[in-house]
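What follows is a short report on a single structure.
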Number of protein chains: 2
Amino acid sequence: MNQYIQPSASTASSRIYDTLRKDLVNGRFAAGEKLAINALKEQYQVGLSPLREALNKLAAYGLLLQENQRGFRVPTLSHRELDDIAQTRLSLESMAFEQAIAHGDAAWEAELLAAEHRLKCADMTLDKDDEWERLHTQFHRTLVAPCGSVWLLRFIEQLHDQFDRYRRLGPKMPVIRQELDQQHHELVELALKRDVKAARKLLDEHIRKSYDVALQRFTQHGEGAPNQC
Amino acid sequence: MNQYIQPSASTASSRIYDTLRKDLVNGRFAAGEKLAINALKEQYQVGLSPLREALNKLAAYGLLLQENQRGFRVPTLSHRELDDIAQTRLSLESMAFEQAIAHGDAAWEAELLAAEHRLKCADMTLDKDDEWERLHTQFHRTLVAPCGSVWLLRFIEQLHDQFDRYRRLGPKMPVIRQELDQQHHELVELALKRDVKAARKLLDEHIRKSYDVALQRFTQHGEGAPNQC
DNA sequence: GCCAGATAAATAATCGATTTTTTTAATATA
DNA sequence: TATATTAAAAAAATCGATTATTTATCTGGC
């Protein structure tokens, strides 16, 4: 009777996967930390089997490291890896954006404007940070969505998660957020104008600026608390 | 006492993962096929828990599709997806090769020559196809190894597996293999000469030629048997 | 004959307990 | 004191059985 088809009726395994993925990206666990499976079982109130299945998936996805017979640990953070992630993200996202501008139709243009607007609105209400992050991710996803390559999109999503492990380390900075928001707006404008060259250049700048923020947070992070655990 | 440290002492889960990954890439299962977990359990003589953990990892890796409450299935093959895989592979591998040529040292040069030689030798002994495939993968891995990006390497490996699902569909063709082998040799030469532009161009051609082979096999595949199962 | 709903069989997901391996602690030895 | 050996504890991996969900089959009403 329900006219809405559930895309994939959730299971305990898929739920804990989603939760852990979010928590890992948000730095809920300390970098390098060994995960105590029994503790997780208690904390998240979930059985061992679905938990282990989720951990296995997260390891394959790159948000955990798995070592046979000695469980799972959170990957460490490093300047070098941040550079790698940012550089690779730059290459792939820039490539995808170019294709998206070439292929995106009117529906895409509408989606872009909507995504940008939603993000801007969320920015005003400062209290809902989670929501802003969600919309921010969604905005960047929309930018490259019609690039035509399922695999490119998949990799970009993965890199975003990795990047955000660094970017979300510190406290929120409204000033920088405003600058980035301005760029979001300009990115949409250039995309609508189909100005590939300028759009790529701006996306490049945008990612570099985000990189600066992420690097700063990572650098300061070591001196402060080990993690917000 | 043992002077060789085991990199990660195998578990039932990791073993069945490796086996299934290989079998999936080799087309042991029909595209689109629904996996009967109980049957797999018997076939591979493995428990349910390690099996499910492996399937979860393979789904996260992209060699299986997971739908909640209805298990796992082998992704279908399509012309469109092959195009995507080949194109993305071209972009990423070309990028990585350029970086590898820029950063690769003398040890890399030696490894390249060794990998090429091993592959050529395996080519003579026609019976050991598995071994050739292993060395071929290894050769391409070596080509891009010193590119400096862990993530790029990871994605390239993933794309290779996806590409090989198509390339390994049909019977082996010694004639084309010889052509590709010739290109392997030239790729090494150009890499040693640090001729970035020519090297990229040749890698481009190489992947395109492989793509032609893969496409041909995919096209013929539908008309023949459903799969070598 | 064909469809809706109920029932049965098959399959997926999960639980609880057991086995195996690693890590920690304790003890003995040089 | 440092190192090696053994024993105990903890943790990871796996098993066997149970529960929940889907898929296939059957039945009666139209």
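All of these numbers come straight from a predicted model, not from anything done at the bench. Letters A, B, ... are given to chains in the order of the sequence lines, protein chains preceding strands, and every chain is numbered from 1.
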ask   = When you measure from the side chain of B:Leu48, which nucleotide among C:dA12, C:dT14, D:dT14 comes out closest?
value = C:dT14
message = With a 4.0 Å cut-off on N to O distance, would you call A:Asp164 and A:Arg167 a salt bridge?
response = yes
inquiry  = Tell me the interatomic distance from B:Asn68, atom CG, to D:dT23, atom P, rounded to whole angstroms.
reply    = 13 Å
query = Ion pair present between B:Arg154 and B:Glu157, side-chain N to carboxylate O less than 4.0 angstrom?
reply = no
ask   = Are B:Arg52 and C:dA12 close enough that a side-chain N or O sits under 4.0 Å from OP1 or OP2?
value = no
message = Tell me the interatomic distance from B:Glu42, atom CD, to D:dG16, atom C1', rounded to whole angstroms.
response = 14 Å
task = Return yes if a side-chain donor-acceptor contact under 3.5 Å exists between B:Tyr61 and B:Asp161, otherwise no.
result = yes
message = Using the side-chain heavy atoms of B:Phe72, tell me which of these nucleotides is nearest: D:dT14, C:dA13, D:dA12.
response = C:dA13
task = Tell me whether the OP1 or OP2 atom of D:dA12 has a side-chain N or O from A:Lys34 closer than 4.0 Å.
result = yes
remark   = Ranking A:Gly71 and A:Ser49 by the position along DNA chain D of their nearest nucleotide, the one closer to 5' is A:Gly71
key: Between P of C:dT14 and CG of B:Leu51, the distance in whole Å   = 15 Å
inquiry  = Heavy atoms only, 4.0 Å cut-off, all strands: where does B:Leu35 land among base, sugar-phosphate and nothing?
reply    = sugar-phosphate
request  = May I have the distance from B:Gln69 (atom CD) to D:dT21 (atom P), rounded to whole angstrom?
outcome  = 6 Å
ask   = Is there a side-chain contact between B:Glu93 and B:His160, using heavy atoms and a 4.5 Å cut-off?
value = yes
request  = For the side chain of A:Thr11, starting at C-beta, report the closest nucleotide among D:dT22, C:dT14, C:dT21.
outcome  = C:dT14
inquiry  = In terms of relative ring orientation, are B:Phe29 and B:Tyr44 parallel, tilted or perpendicular, with 30° and 60° separating the classes?
reply    = tilted
query = Whole Å only: how far is the CD atom of B:Glu53 from the C1' atom of D:dA13?
reply = 7 Å
message = Rounding to an integer number of Å, can you tell me how far A:Asn38 CG sits from D:dA13 C1'?
response = 12 Å
Whole-Å gap separating P (D:dA11) and CD (A:Glu67) = 17 Å
remark   = From CG of A:Leu40 across to C1' of D:dA13 the rounded distance in Å is 16 Å
query = For B:Arg70 and C:dT11, is the shortest distance between a side-chain N/O and OP1 or OP2 below 4.0 Å?
reply = no
